[in-house]
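Here the structure is a predicted model, which is why all the values come from computation and not from measurement. All chains are named by letter (A, B, ...) in the order of the sequence lines, taking the proteins before the strands, and each is independently numbered beginning at 1. Scope of the values below: all heavy atoms of this structure, side chains included, with no hydrogens, waters or symmetry mates.
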2 protein chains.
Amino acid sequence: MLNQLDDVFHALADPSRRAIVERLAEGEASVSELARPLPMSLPAVIQHLQVLEASGLVSSTKAGRVRTCRLDLDALDRAQSWFQARRADWNQRLDRLGEYLGGAQGTAANEHRAASTERQAPSRKH
Amino acid sequence: MLNQLDDVFHALADPSRRAIVERLAEGEASVSELARPLPMSLPAVIQHLQVLEASGLVSSTKAGRVRTCRLDLDALDRAQSWFQARRADWNQRLDRLGEYLGGAQGTAANEHRAASTERQAPSRKH
DNA sequence: TGATTAGTTAAGTGAGTGCTTAACCAATTG
DNA sequence: CAATTGGTTAAGCACTCACTTAACTAATCA
């Protein structure tokens, strides 16, 4: 269960898979709907979907002969929070640096500090 | 220049490279400082650094015989904004869905809407 | 000066990726 | 029923990846 981050980032490193995720961010879709805009065979798309499912970004259910795919927003948020953690580290270092340089507000270090340190709200109450 | 996203996500898909980025988020470091905690040969680390530099996440300069590496926070922010765009799509869809269902506030659709749609502040003034 | 330290280049290897085509199954339609 | 539609599996292939060892350069130190 640990380092799904490997799988998530690997999944997103492919432009076709990102296109699928972008499509699913606008709503559910069947396998062939997802395949239609992509310049490759159906089996290739299914393989991409398997990668996305393995990463946890996408889930799907089959009804009759059509499989419906949907995005797992929580998985997306979990990946995003890695970036936020890096930015938090960065800001913390700048804060310490600014303090060390003897300044209150308005020091050179604090000039470069960016705003968004806050975590996003949880996407589900459940 | 387009789809640096491929390169950035590919770079971050490797745990050793993420470890390097995490280290650099706390401040600059030399090649051997970055290599020390990693269970692999120095050339392997250098190859990872080349991947990170090619992605734009890391830059470096050489002074004497030591190369100092640093994180490019802007590149990190650019990658993060892809996630924010997906969440924005998602929320927009939920909004439309909620509207369609005839509700104002408090509809089932709006219940699931998460907070962070805003873009982060630019990290540099320039 | 010669030894050490910091980093780099080159070549090779085994495992994994992103596709393909061909064959196939199972639900739905005429 | 047979034909079509939606999806799946399997095998193969060119390419890339994450390492390795060995050999090397250049800056600094004793």
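Classified by interplanar angle (parallel below 30°, tilted 30° to 60°, perpendicular above 60°), the ring pair B:F9/A:F9 is parallel.
A:V51 and A:L71 fall into different hydrophobic clusters, where Ile, Leu, Val, Met, Phe, Trp and Tyr are joined by side-chain heavy atoms under 4.5 Å apart, directly or via other members.
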- Run the numbers on A:L12 and A:L57 for side-chain contact (heavy atoms from CB on, under 4.5 Å), then give the verdict. CA-CA 9 Å; A:L12 295 178; A:L57 285 169; 3.8 Å; yes

- Message: Could you walk me through whether B:Q92 and A:E26 satisfy the side-chain contact (heavy atoms from CB on, under 4.5 Å) test, starting with their C-alpha distance in whole Å, then the side-chain angles of each, then the deciding distance to 0.1 Å, before giving a yes or no?
- Response: CA-CA 8 Å; B:Q92 192 184 26; A:E26 292 161 8; over 6 Å; no

- Item | Derivation of the side-chain contact (heavy atoms from CB on, under 4.5 Å) call for B:R17 and B:H10 | CA-CA 10 Å; B:R17 285 194 294 259; B:H10 168 242; 3.7 Å; yes

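Checked against C:dT21, D:dC19, D:dT21, the side chain of B:A44 finds its nearest nucleotide in D:dC19.
The backbone N or O of A:N91 lies less than 3.5 Å from no partner atom in the side chain of A:R96, so there is not a single donor-acceptor pair.
Between the C1' atom of C:dT5 and the CD atom of B:E33 lies a distance of 14 Å, rounded to the nearest Å. Atom CG of A:L34 and atom P of D:dG7 are 9 Å apart (whole Å). Taking atom CD on B:Q47 and atom P on C:dG12, their separation rounds to 15 Å, with Å as the unit. Protein atom CG of A:L38 is 16 Å distant from nucleotide atom C1' of C:dT20, rounded to whole Å. At whole-Å resolution of the value, CG in A:L42 and C1' in C:dA23 are 15 Å apart. Atom NE2 in B:H48 sits roughly 16 Å away from atom C1' in C:dT8 (whole-Å rounding). As rounded to whole Å, 16 Å separates atom P of C:dC25 from atom CD1 of A:I46.
When heavy atoms are screened at a 4.0 angstrom cut-off, A:Q50 is found touching the sugar-phosphate backbone but no base atom. Here A:S41 lies in heavy-atom contact (under 4.0 Å) with a base.
Both the sub-6.0 Å distance and the 45° axial angle are satisfied by A:R86 relative to the ring of A:W82.
Sorted by residue number, the members of residues 62-71 of chain B with any non-hydrogen atom under 4.0 Å from DNA chain C read B:K62, B:R65, B:V66, B:R67. Heavy-atom distances under 4.0 Å link DNA chain C to no residue of residues 9-24 of chain B.
Note on the helix from C:dT1-D:dA30 to C:dG30-D:dC1: terminal axis deviation equals 10°, with five pairs used at each end and the result rounded to 10°.
Annotation: salt bridge (Lys or Arg N to Asp or Glu O under 4.0 Å) contacts of B:D7 (sequence neighbours excluded): none.
Phosphate proximity of D:dG7 to A:S32: present, with a side-chain N or O under 4.0 Å from OP1 or OP2.
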With a cut-off of 3.5 Å and sequence neighbours excluded, list every side-chain donor-acceptor pair involving residues 29-41 of chain A.
unit_1: A:S30; atom_1: OG; unit_2: A:E33; atom_2: N; d: 3.2
unit_1: A:E33; atom_1: OE1; unit_2: A:S30; atom_2: N; d: 2.9
unit_1: A:S41; atom_1: OG; unit_2: A:A44; atom_2: N; d: 3.4

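Looking at every heavy atom in both residues, A:V8 comes nearest to A:A79 through CG1-CB, 3.7 Å.
Within the structure, side-chain hydrogen bond (donor to acceptor under 3.5 Å, both in side chains) pairs that include any residue of residues 57-68 of chain B comprise B:E53-B:S60, B:S60-B:R67, B:T61-B:R70 (at least two apart or interchain).
Counting only heavy atoms from C-beta outward, the side chains of A:R93 and A:D89 never approach each other to under 4.5 Å.
Between A:M40 and B:L49, it is B:L49 whose nearest contact on DNA chain C lies nearer the 5' terminus.
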